[in-house]
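Written out below as structure tokens is the structure these notes cover.
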Amino acid sequence: MEPLPIPEQYRPLARLLMQQGEGNCVYVGNSLEIITSGLRKRELLLEDIRRAKSFIHMEYYRFGNDKAGREVRDLLLQKAAEGVEVRLLNNNLSYWLTIPSGYYRDMTRKGVEVIPFTHIRHGVGKWLYRINHQMHRKVVVIDGQVAYTGGMNLNDNYFYKWRDTHLRLTGPIVTGLNASFMESWRDSGGRFSFPPEHYAPRALPQEAPLTDKVIQLVSDTPETPSSAMLAAYEWILDNARKYVYIQTPYFVPPKSLLASLAGAVKRGVDVRLMFPRKVDTPFMGTTNKAYYQDCLKAGVRILERGGEFIHCKTLVADDAVSIVGASNLDWRSFYVNYEINTIIYDRETAVDGKEIFLSDTMQTREVKNGSWSRFMRLFYRLL
């Protein structure tokens with residue numbers, strides 16, 4: 001077997017993830033920009049949409065009826081009027097009380113194909129299943145040449161208010177992200193106007209801050225017997241030598257992940273977890289804190305960040321490997337929802353990621369005492 005084009009110490013991880021899902025492929029020769037500002041994502045995304053000539057594929061957990069959402073919506077309508085195929089797969093249950101259905105019907109009437117991820121027309125069984133198992137991915141693919149993925153949804157929080165991390169990608173990985181979208185679209189009842197090869201042109205890397213990178217695409221679905229992302233986090237913690245820095249807004253770790261965190265510290269690894277000081281979702285702040293005592297007892301450093309809400313889902317370790325994605329370190333991301341993430345096997349990217357993490361620590365305070373609440377742990381698993 002030809003060796004994978006990644007550092008030797010991470011080849012077992014890459015192979016492990018490939019065994020857990022046929023879509024967890026390694027892509028060589030990609031260019032990327034790490035986006036840490038919603039305004040920067042807005043600037044790049046709107047410009048790429050304006051340049052679209054063939055198709056725009058979007059898959060979002062949240063697509064807002066607010067300034068940011070309407071700005072993107074209006075541009076999508078303009079591109080549809082120009083003859084560009086525009087498809088939006090939206091996780092409608094994440095905002096069914098706040099956005100009227102007419103918002104999307106109007107888009108459909110004007111040429112944008114919109115499919116809700118959860119709908120009774122999919123059949124009663126699938127409808128009931130997807131009420132719980134939601135699509136939490138954030139993916140954009142434009143003309144098969146450029147893609148976006150990471151933690152940022154499309155609404156005012158992500159463009160203007162929160163601190164999050166996202167990626168703009170070019171190169172072969174765009175094909176993988178588009179294949180993931182197409183599978184989700186078909187599984188939700190969507191169709192395509194042309195054969196699959198029409199939507200898979202040769203994706204060439206473009207000029208970007210980081211070039212010639214090896215990236216593995218990692219998907220999780222509730223249909224797979226185990227979580228690939230949980231396996232990735234645990235493998236990196238179990239094999240880290242110097243440090244592991246993690247950011248997540250929601251923290252409901254399985255016992256196995258707590259054991260990996262503790263084991264890394266015991267080997268002398270500097271393990272730091274960064275959470276928002278104030279969480280946006282009811283009960284999640286208390287639920288996060290329910291695990292502080294376990295982590296602190298093991299020697300894990302816990303940092304709470306003030307300022308704007310931090311929604312990042314990232315990991316960086318040993319100046320060698322990085323994760324940017326949609327998965328939180330919680331029960332739903334590992335076992336319930338549909339997720340997608342990227343693992344970047346590259347020193348330059350990891351050093352940049354470490355600098356971003358350390359910059360975020362300027363607004364943090366370190367937690368020294370933990371609280372414990374069995375009730376909140378059980379309550380979250382019932383949601």
Side-chain angles (χ1 to χ4, degrees), residues 20-24 57-65 69 73 86-105 107-108 112-141 149-155 158 176-192 217-230 249-250 252 254 280-284 311 313 325-341 379-383:
Q20 291 192 305
E22 62 180 18
N24 297 343
H57 291 163
M58 286 190 168
E59 183 177 14
Y60 270 106
Y61 179 65
R62 288 183 175 170
F63 188 109
N65 180 17
R73 178 203 62 184
V86 183
R87 297 179 175 90
L88 170 63
L89 179 62
N90 74 93
N91 191 76
N92 48 308
L93 285 187
S94 63
Y95 42 72
W96 67 277
L97 288 175
T98 59
I99 299 181
S101 58
Y103 182 73
Y104 299 104
R105 283 200 301 268
M107 293 176 69
T108 301
V112 175
E113 295 183 68
V114 182
I115 291 181
F117 185 72
T118 305
H119 199 282
I120 191 65
R121 71 182 179 214
H122 298 152
V124 175
K126 180 177 282 191
W127 174 66
L128 291 172
Y129 183 78
R130 287 187 169 186
I131 285 176
N132 183 41
H133 300 280
Q134 298 184 36
M135 186 272 293
H136 193 245
R137 298 169 177 172
K138 299 91 175 164
V139 174
V140 179
V141 179
T149 194
M152 294 184 189
N153 289 293
L154 274 180
N155 64 37
Y158 300 91
L177 283 164
N178 197 46
S180 174
F181 170 87
M182 292 176 72
E183 181 180 0
S184 297
W185 183 261
R186 290 193 190 97
D187 194 47
S188 301
R191 298 180 180 180
F192 293 93
L217 195 61
V218 183
S219 300
D220 264 333
T221 76
E223 288 81 39
T224 53
S226 60
S227 167
M229 280 313 299
L230 177 59
Y250 314 122
V252 187
D280 69 314
T281 304
F283 307 114
M284 277 310 305
H311 189 256
K313 304 96 160 40
S327 293
N328 300 300
L329 293 193
D330 69 2
W331 188 265
R332 293 198 66 85
S333 282
F334 291 143
Y335 299 115
V336 179
N337 290 338
Y338 295 82
E339 304 279 2
I340 199 159
N341 302 269
F379 175 79
Y380 181 81
R381 283 176 169 78
L382 295 175
L383 293 178

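This chain uses plain numbering: 1 for the first residue, then up along the sequence.
Counting only distance, with no hydrogens or angles, the side chain of H136 and the backbone of S333 share no donor-acceptor pair below 3.5 Å. Remark: the backbone N or O of G189 is not paired with any side-chain donor or acceptor of H122 at under 3.5 angstrom. Side-chain N or O atoms of K126 include one that pairs as donor or acceptor with a backbone N or O of D187 at under 3.5 Å.
Nearest heavy-atom pair across S327 and E339 is OG-CB, 3.2 Å. M135 approaches N91 most closely through the heavy-atom pair N-OD1, 2.9 Å. Of all heavy-atom pairs between A228 and V218, the closest is CB-CG1, 3.6 Å. Here the closest heavy-atom approach between residue G151 and residue K313 is recorded as CA-CD, 4.1 Å. Listed here is the closest heavy atom pair of H133 and Y338: O-CE1, 3.6 Å. The shortest heavy-atom contact between L177 and I340 is CD2-CD1, 3.8 Å.
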As a quick check of understanding, evaluate side-chain contact (heavy atoms from CB on, under 4.5 Å) for R332 and N132, giving each step before the final call.
CA-CA 9 Å; R332 293 198 66 85; N132 183 41; 3.2 Å; yes
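Between Y103 and F63, the ring planes lie tilted relative to each other; the angle falls in the 30° to 60° range. Ring geometry for W185 versus F181: interplanar angle under 30°, hence parallel rather than tilted (30 to 60°).
Counting heavy atoms from C-beta outward, M284 and V252 have side chains that approach closer than 4.5 Å. Inter-residue side-chain proximity for Y104 and I99 is flagged as met; some heavy-atom pair is nearer than 4.5 Å. P254 is listed as a side-chain neighbour of Y335, based on a closest heavy-atom distance under 4.5 Å. No side-chain heavy atom of N90 sits less than 4.5 Å from a side-chain heavy atom of Y60. Counting heavy atoms from C-beta on, the side chains of Q20 and P225 never come closer than 4.5 Å. For the pair H311/D280, no side-chain contact is recorded, criterion being any heavy-atom separation below 4.5 Å from C-beta on. In this structure, the side chains of N65 and P100 come closer than 4.5 Å at one or more pairs of heavy atoms.
In E223, the CD atom is crowded: over 12 heavy atoms of neighbouring residues, nucleotides or ligands sit closer than 6.0 Å.
Cation-pi geometry between R130 and F117 is met: under 6.0 angstrom from the ring centre, within 45 degrees of the axis.
Of the inter-residue distances, the one linking D220 atom CG with L230 atom CG reads 8.5 Å to the nearest 0.5 angstrom. With rounding to the nearest 0.5 Å, the separation of CE in M58 from CZ in R73 is 13.0 Å. A distance of 8.5 Å separates OG1 in T149 from NZ in K138, rounded to the nearest 0.5 Å. The CG atom of L89 lies 13.0 Å from the CZ atom of R186; values are rounded to the nearest 0.5 Å. The distance from atom CG of L88 to atom CE of M107, rounded to the nearest 0.5 Å, is 5.5 Å. Atoms CD and CG, from Q134 and N337 in turn, are 6.0 Å apart once rounded to the nearest 0.5 Å.
Y158 and N153 form a side-chain donor-acceptor contact under 3.5 Å, judged by distance and modelled atom types alone.
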